[in-house]
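Below you'll find the structure, written out as structure tokens, and then a few comments.
Indexing begins at 1, ligand by ligand and atom by atom, following the structure's order. One is the number of the first residue; the rest follow in order along the sequence. Quick note: numbers below take in every heavy atom, side chains included, and nothing from hydrogens, waters or symmetry partners. Predicted model, so just to flag it, every value in this text is computed and none were measured.
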Amino acid sequence: MELDETTLSGSEIETLARKIDRPIVLVGMMGVGKSSIGRKLSGLLHLPFVDADEAIETAAQMSIAEMFERFGEPYFRDGERRVIARLVDGERKIIATGGGAFVNEETRKLILERAVAVWLHTDIDVLVDRVTRKDNRPLLRGGDPREILKRLHDEREPLYSQAPIHVQSSSGPQGKTVNKVLKGLAEWL
Ligand code: S3P
């Protein structure tokens with residue numbers, strides 16, 4: 001489902017907030033803006049916000065980069081799977097996931113069953129621009145970010161697209177994207 005851009009009014013957002021009965025989970029590639037859009041949605045809908053990557057770091061008491069470096073990707077993925085299973089507990093909240101979370105079959109199934117998944121997607125150029133501003137993503141180290149992002153995107157797209165709501169994230173101000181997510185939820189719920 002793709003959406004037009006008319007803005008939801010304050011009372012429409014309040015009506016939507018009352019209809020939300022499950023966690024809202026943002027999925028999609030690294031750099032698409034899941035965390036910042038999640039924080040904005042949380043403010044508008046008056047729901048708690050949880051960043052799954054931060055929750056994994058808190059549980060492991062180390063950064064994701066350190067987890068990859070010291071114990072490898074499978075260790076991180078195992079923590080990611082367990083933390084997301086704990087977060088998707090039926091409580092109303094907004095959850096931003098790391099780009100690989102929805103790729104795991106068990107996690108994807110859980111999210112699809114117990115939450116409303118929203119896939120945020122955008123062009124590779126926008127992703128490259130955003131991710132190259134920071135050097136905190138282990139999967140992008142040791143290679144050309146554009147090539148890695150393109151490969152991951154192609155591998156993951158069929159899985160991300162299983163989310164019931166698809167939102168094209170605009171490259172400009174995030175308010176537009178936030179509004180599209182709200183509309184997607186209002187039509188879905
Ligand atoms: C990853 C994305 C990252 C983080 C980890 C792996 C991925 O999260 O979970 O570096 O596999 O795409 P963001 O999507 O928040 O950057």
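Per-residue contacts place Arg137 under 4.0 angstrom from the following atoms of ligand 1 (heavy atoms of the residue considered): 16 (O). For ligand 1 and Lys34, the ligand atoms under 4.0 Å from any heavy atom of the residue are 13 (P), 14 (O). For ligand 1, the atoms lying closer than 4.0 Å to a non-hydrogen atom of Gly100 are 7 (C), 11 (O), 12 (O). Remark: ligand 1 atoms within the under-4.0 Å shell around heavy atoms of Pro138 are 10 (O). Atoms of ligand 1 found under 4.0 Å from any heavy atom of Asp53 (numbered from 1 in listed order, with element): 3 (C), 4 (C), 8 (O), 9 (O), 13 (P), 15 (O).
With respect to the salt-bridge test (charged N to carboxylate O, under 4.0 angstrom), the residues Lys19 and Glu187 do not qualify.
Residue Ile56 is tested with Ile84, Leu87, Asp51, Val83 for a side-chain contact (heavy atoms from CB on, under 4.5 Å); the sole match is Val83.
By the side-chain hydrogen bond (donor to acceptor under 3.5 Å, both in side chains) test, Asp78 is found to be paired with Arg81, Arg82, residues two or more places apart in sequence or in another chain being considered. The side chain to side chain contact (heavy atoms under 4.5 Å, CB included) search around Glu113 returns Lys109, not counting sequence neighbours.
The shortest separation from a heavy atom of His153 to ligand 1 is not under 4.0 Å, leaving the residue out of contact.
Of the listed residues (Glu73, Met30, Arg77), the one carrying the non-hydrogen atom nearest atom 11 (O) of ligand 1 is Arg77.
Distances between N or O atoms of Gly99 and those of ligand 1 include at least one value under 3.5 Å. Considering both main-chain and side-chain atoms, Arg156 comes within under 3.5 Å of ligand 1 through a nitrogen or oxygen pair.
Remark: the Glu12 side chain and the Ser9 side chain contain an N/O donor-acceptor pair separated by less than 3.5 Å. In this model, no donor atom of one side chain and acceptor atom of the other lie less than 3.5 Å apart for Glu80 and Thr107.
Contacts between Val103 and ligand 1, counted as non-hydrogen atom pairs separated by less than 4.0 Å, are absent for every part of the residue.
Across every non-hydrogen atom of Leu44 and Val178, the tightest pair is CD1-CG1, 3.5 Å.
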